[in-house]
Amino acid sequence: MISDGNAYVICDELKKDTFIPRRHTYRALKNDVVMFRLTPSKSSARRQSGEVVSIVERTVHEYSGILEWDKNRALFAADDKKMPYYIQVPYEKTGDAKEGEKVIVRFTKWNEHDELPRGEVIKVLGLPGEHGTEMDSIIYEYDIETEFSDEALEE
């Protein structure tokens with residue numbers, strides 16, 4: 001997935017990655033395992049293209065970003081530029097989070113009839129721009145280990 005919502009499928013059987021336009025991603029997100037089909041290419045096309053037909057397996061999707069209030073829900077904007085969609089969070093799934101705070105949201109589902117994916121707040125990090133908040137966000141986003149074995153600590 002790239003920042004504009006277009007994507008590329010990496011497939012061992014094909015020599016090149018397959019370009020998937022945003023309108024043909026079928027609600028797939030970054031690193032999901034998908035079934036896709038190649039679409040007929042125009043002779044002038046420089047790259048092979050296709051469309052996602054189903055999602056075989058979702059990867060775990062948790063993002064850090066900012067929570068904003070809307071009329072009937074909260075909207076979450078991920079810091080990860082490869083997440084080109086807002087995630088809608090029902091108010092009852094925001095926990096103790098307040099509007100404008102940086103939080104961790106877990107993607108939960110994306111129904112056919114929903115314009116946007118759904119999620120839930122799993123952790124409140126704090127106010128954006130604060131040193132601790134931003135450090136926690138980076139640690140979480142890159143899955144950096146923060147706890148070490150006694151052996152490692154001794155060394």
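Heavy atoms only: backbone and side chains are in, while hydrogens, waters and symmetry mates are out.
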Count the heavy atoms belonging to other residues, nucleotides or ligands that lie under 6.0 Å from [atom1] of [X], then report whether that count exceeds 12.
X: Asp4; atom1: CG; answer: yes
X: Asp96; atom1: CG; answer: no
X: Tyr86; atom1: OH; answer: no
X: Glu92; atom1: CD; answer: yes

Exercise for review: Tell me, with the steps shown, if Thr108 and Glu120 meet side chain to side chain donor-acceptor pair (under 3.5 Å).
Suggested key: CA-CA 7 Å; Thr108 55; Glu120 62 187 351; over 6 Å; no
Shortest non-hydrogen contact from [X] toward [Y]:
X: Tyr26; Y: Glu112; result: OH-OE2, 3.2 Å
X: Leu125; Y: Thr133; result: O-OG1, 3.4 Å
X: Gly119; Y: Pro90; result: O-CD, 3.7 Å
X: Asn72; Y: Tyr91; result: C-CE1, 3.5 Å
X: Pro21; Y: Gly50; result: CD-O, 3.5 Å
X: Asp114; Y: Arg27; result: O-NH2, 2.8 Å

[atom1]-[atom2] distance between [X] and [Y], expressed to the nearest 0.5 angstrom:
X: Gln48; Y: Tyr8; atom1: CD; atom2: OH; result: 12.0 Å
X: Tyr85; Y: Thr25; atom1: OH; atom2: OG1; result: 3.5 Å
X: Met35; Y: Cys11; atom1: CE; atom2: SG; result: 10.5 Å
X: Glu99; Y: Asp70; atom1: CD; atom2: CG; result: 9.5 Å
X: Leu38; Y: Leu14; atom1: CG; atom2: CG; result: 6.0 Å
X: Leu67; Y: Trp69; atom1: CG; atom2: CH2; result: 4.5 Å

Can a donor-acceptor pair be found, under 3.5 Å and without considering hydrogens, that links the side chain of [X] to the backbone of [Y]?
X: Asp80; Y: Lys82; value: yes
X: Thr94; Y: Ala97; value: no
X: Glu134; Y: Gly129; value: yes
X: Ser49; Y: Phe19; value: no

If you group Ile, Leu, Val, Met, Phe, Trp and Tyr by side-chain heavy-atom gaps below 4.5 Å, do [X] and [Y] land in one group?
X: Val105; Y: Met1; answer: no
X: Val33; Y: Ile20; answer: no
X: Val89; Y: Met83; answer: yes
X: Val52; Y: Leu29; answer: no
X: Val56; Y: Val53; answer: yes

Practice item. In plain terms, say whether Lys102 and Glu130 are close enough for a salt bridge, that is, a side-chain N and a carboxylate O under 4.0 Å apart. Key: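 Looking at Glu130 together with Lys102, the answer is no, because their closest N to O distance does not fall below 4.0 Å.
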Review point. Within a strict 4.5 Å, meaning less than it, do heavy atoms of the Phe107 and Arg58 side chains meet?
Key: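 Touching, per the 4.5 Å side-chain cut-off.
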Exercise for review: Find out whether Leu75 and Gln88 are in side-chain contact, i.e. whether some heavy atom of one side chain is under 4.5 Å from a heavy atom of the other.
Suggested key: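 Result yes, sub-4.5 Å side-chain heavy-atom pair found.
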Review point. With Arg22, which residues qualify under salt bridge (charged side-chain N to carboxylate O under 4.0 Å, His left out), at least two apart?
Key: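 For Arg22 there are no salt bridge (charged side-chain N to carboxylate O under 4.0 Å, His left out) partners, ignoring immediate neighbours.
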Practice item. Give the ring-plane orientation class for Phe76 versus Tyr63, where under 30° counts as parallel, over 60° as perpendicular and anything between as tilted. Key: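 Judged by the thresholds at 30° and 60°, the geometry between Phe76 and Tyr63 is tilted.
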**Study point:** Working for side chain to side chain donor-acceptor pair (under 3.5 Å), residues Glu62 and Tyr140
**Key:** CA-CA 9 Å; Glu62 294 177 355; Tyr140 200 89; 2.3 Å; yes
Review point. Does a donor on one side chain sit under 3.5 Å from an acceptor on the other, for His61 and Thr59?
Key: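 Their side chains do contain a donor-acceptor pair, which is all the 3.5 Å distance test asks for.
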Point to revise | Pairs satisfying salt bridge (Lys or Arg N to Asp or Glu O under 4.0 Å), at least one member in residues 136-155, at least two apart | key: none
Exercise for review: Report the C-alpha separation of Thr146 and Ile139 in whole Å, then their side-chain angles, then the decisive distance to 0.1 Å, and conclude whether the side-chain contact (heavy atoms from CB on, under 4.5 Å) test is met.
Suggested key: CA-CA 8 Å; Thr146 59; Ile139 287 169; 3.5 Å; yes
Review point. When Ser137 is tested against each of Ile104, Val103, Asp79 for side-chain contact (heavy atoms from CB on, under 4.5 Å), which residue passes?
Key: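 Among Ile104, Val103, Asp79, the one meeting side-chain contact (heavy atoms from CB on, under 4.5 Å) with Ser137 is Asp79.
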Exercise for review: For side-chain contact (heavy atoms from CB on, under 4.5 Å), just list the numbers for Ile87 and Leu116, CA-CA rounded to whole Å, side-chain angles, deciding distance to a tenth of an Å, and then say yes or no.
Suggested key: CA-CA 6 Å; Ile87 296 177; Leu116 298 171; over 6 Å; no
